[in-house]
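Quantities reported herein were computed from a predicted structural model and do not represent experimental measurements. So that the names make sense, note that chain A is the first sequence line, chain B the second, and so on, each numbered from 1.
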There are 2 protein chains.
Amino acid sequence: MTDFLPPIQTTARDDAVLKALAGFVMQEKLEPGEKLPTERILAERLKVSRNTVREALTRWEGLGLVERRQGSGTYLKAAVSLDMLHMPLTLAGGNDFTGLMRTLEIRRALEAEAAALCAIRAGKADLAEIERKLDIMEEAFQTRAGMSSEEDWEFHQAVYRASGNPLFEQIISAMHELFHRFWEHPLGVRDFGHASFPYHRTIFNCIAAHDPEGARAEALKLIATVENDLKRGAANLKLSDRK
Amino acid sequence: MTDFLPPIQTTARDDAVLKALAGFVMQEKLEPGEKLPTERILAERLKVSRNTVREALTRWEGLGLVERRQGSGTYLKAAVSLDMLHMPLTLAGGNDFTGLMRTLEIRRALEAEAAALCAIRAGKADLAEIERKLDIMEEAFQTRAGMSSEEDWEFHQAVYRASGNPLFEQIISAMHELFHRFWEHPLGVRDFGHASFPYHRTIFNCIAAHDPEGARAEALKLIATVENDLKRGAANLKLSDRK
DNA sequence: GTGCAGAAATTGGTTGGACCATTGAACCAC
DNA sequence: GTGGTTCAATGGTCCAACCAATTTCTGCAC
């Protein structure tokens with residue numbers, strides 16, 4: 001006997017509202033930036049109270065799908081469809097060392113897999129694009145003595161794109177602001193990121209050679225160096241912050 | 001001159017409510033599972049309308065921080081603090097074969113890394129818990145001839161928890177409903193998941209032996225078998241769905 | 001006609017109060 | 001104990017009104 005009986009749903013008004021609204025958006029082919037019907041109209045049409053409509057819209061606003069402007073209206077902020085999957089992540093204390101370390105572990109996981117997939121799937125055009133970003137990055141590294149975080153990021157993005165799975169880029173992009181914020185203030189480590197530099201080329205070589213396991217291994221090494229720098233930075237900070 | 005003057009906030013009632021509530025949770029040291037004050041009490045104490053409190057709680061519910069049970073109360077679902085960082089992801093299109101395959105690739109990335117971290121960090125209590133889940137799963141597998149998806153999931157969750165990084169569980173949990181939906185309808189593959197069965201034990205052995213690379217490799221193998229089953233299922237489906 | 005200040009309408013934000021549906025505990029009969 | 005019944009507490013929904021920001025319209029001065 002299967003003892004798994006999912007609880008029945010007797011009330012789910014706001015979910016129903018969102019489903020209807022998603023259907024409306026798809027039917028009308030609304031795109032980001034366009035205006036949704038007003039709350040009052042939605043309430044009337046859907047035969048629910050305006051309060052319920054508001055709770056539903058609050059959900060979407062929290063997910064960043066929609067933006068509400070008082071006196072003006074509610075506007076679509078991202079593409080919505082009926083088969084969306086929501087995955088809200090909250091990082092407790094994303095500012096401190098621990099939080100950063102945790103996001104870095106996620107990044108290591110995704111980076112390794114993306115590199116491996118990329119080595120399997122990247123076509124010629126993808127390879128050329130990745131190498132172009134790599135060249136730009138290496139030049140910036142030489143010219144500006146190591147300050148190449150922007151170009152570095154673009155290289156990794158190119159790898160994610162060539163992985164053939166858009167989820168990698170989506171997830172990492174959402175985390176990027178975190179990394180970026182940190183990159184700007186490297187905790188007093190002057191040569192932050194230097195150690196990771198050579199691995200970009202080795203990763204690319206493995207990808208170009210269609211060697212997934214090699215690419216995975218090199219990506220792991222790259223993140224390991226970043227992790228190392230991060231730990232050094234934390235140690236520095238502790239030293240100077242001594243009470 | 002700094003031309004960045006953030007616009008003043010004349011209305012941000014619900015945000016203020018959430019901030020106050022986060023402060024309350026921290027002060028009272030409430031932990032996941034514990035009950036929050038009722039909406040009516042919050043409204044009275046914070047001198048705002050109950051509707052405003054509800055919109056604020058709707059936000060938190062959408063972020064998975066809190067769970068509301070009608071007739072019972074509102075319960076904390078995750079640790080909250082004042083310096084949380086929210087990162088809501090919405091993935092379009094996760095229902096078809098391609099979407100499933102893509103989420104599986106993400107899962108492979110996270111599963112491998114979580115297993116490796118777990119091998120490094122798991123303490124005795126963690127190991128005991130994981131082995132307990134493993135035993136339960138193996139017994140269910142024998143008893144119910146392979147139908148052990150629930151117990152299987154609990155095993156993996158235990159691994160994620162012992163990884164020391166709550167992000168793994170958060171991300172995967174958000175994806176779980178997708179896998180689960182699929183597990184129920186294995187596309188006509190009768191022995192779906194059977195091939196992955198032995199790897200649970202091998203993963204555990206590597207973790208217990210504190211062998212991160214071994215754990216990573218076994219996890220990769222496990223997902224590879226699932227991927228295989230999935231492809232077989234898709235082939236079946238195509239055959240029977242022939243137009 | 002043009003430009004602009006002020007009025008009016010529109011729209012999201014908030015309030016207070018009412019009632020419904022579910023839950024869980026206390027209580028009672030068997 | 002087991003199984004109902006009652007009842008208070010709690011989240012879910014609704015309504016009607018008003019507030020605050022924005023947009024649109026209007027009419028006057030030029």
Upstream residue (5' side of DNA chain C) when A/G73 and B/R50 are each assigned their closest nucleotide:
A/G73
Pair of N/O donor and acceptor under 3.5 Å linking C/dG13 base with A/R69 side chain:
no
Closest to side chain of B/T52, choosing from C/dT14, D/dA21, D/dT23:
C/dT14
Using a 3.5 Å distance criterion without hydrogens, assess whether the side chain of B/Q170 forms a donor-acceptor pair with backbone atoms of A/T90.
yes
I want to check one thing: is the phosphate of C/dG12, taken as OP1 and OP2, less than 4.0 Å away from some side-chain N or O of A/T74?
yes
Distance check needed: C/dA18 P versus B/E39 CD, whole Å only.
18 Å
Figure out the CG/C1' separation between A/L42 and D/dT13, and round it to whole Å.
17 Å
Side-chain N or O of A/R13 less than 4.0 angstrom from OP1 or OP2 on D/dC14?
yes
Along DNA chain D (nearest heavy atom to each residue), the more 5'-positioned of A/S72 and A/S49
A/S49
Spacing of A/R59 atom CZ relative to D/dG12 atom P, expressed in whole Å:
9 Å
When rounded to whole Å, the CD to P distance for the pair A/E55 and C/dG13 reads 13 Å
Report the distance from atom CG of A/D14 to atom C1' of D/dG11, rounded to the nearest whole Å.
12 Å
What is the separation between atom CZ on A/R68 and atom C1' on C/dG13, rounded to the nearest whole Å?
8 Å
I'd like to know if B/R40 reaches the base of D/dG11 with its side chain, counting only an N/O donor and acceptor under 3.5 Å.
yes
Atom CD of B/E139 with >12 non-hydrogen neighbours under 6.0 angstrom
no
Using only heavy-atom distances, determine whether the side chains of B/R54 and B/S49 contain a donor-acceptor pair under 3.5 Å.
no
Expressed in angstrom and rounded to an integer, what is the separation of A/K35 atom NZ from C/dG12 atom C1'?
11 Å
How many Å lie between CD on B/E61 and P on D/dG11, as a whole number?
11 Å
Toward the 5' end of DNA chain C, which comes first, B/Y75 or A/R54, by nearest nucleotide?
A/R54
Could you say whether A/G71 or B/I41 is positioned toward the 5' end of DNA chain D, judged by the nucleotide with the nearest heavy atom to each?
B/I41
Can B/E44 and B/R40 be counted as an ion pair, charged N to O under 4.0 angstrom?
no
Would you kindly check whether a donor in the side chain of B/N51 faces an acceptor in the base of C/dG16, or vice versa, at under 3.5 angstrom?
yes
Does a salt bridge link A/K77 with A/E61, judged by any charged N lying under 4.0 Å from a carboxylate O?
no
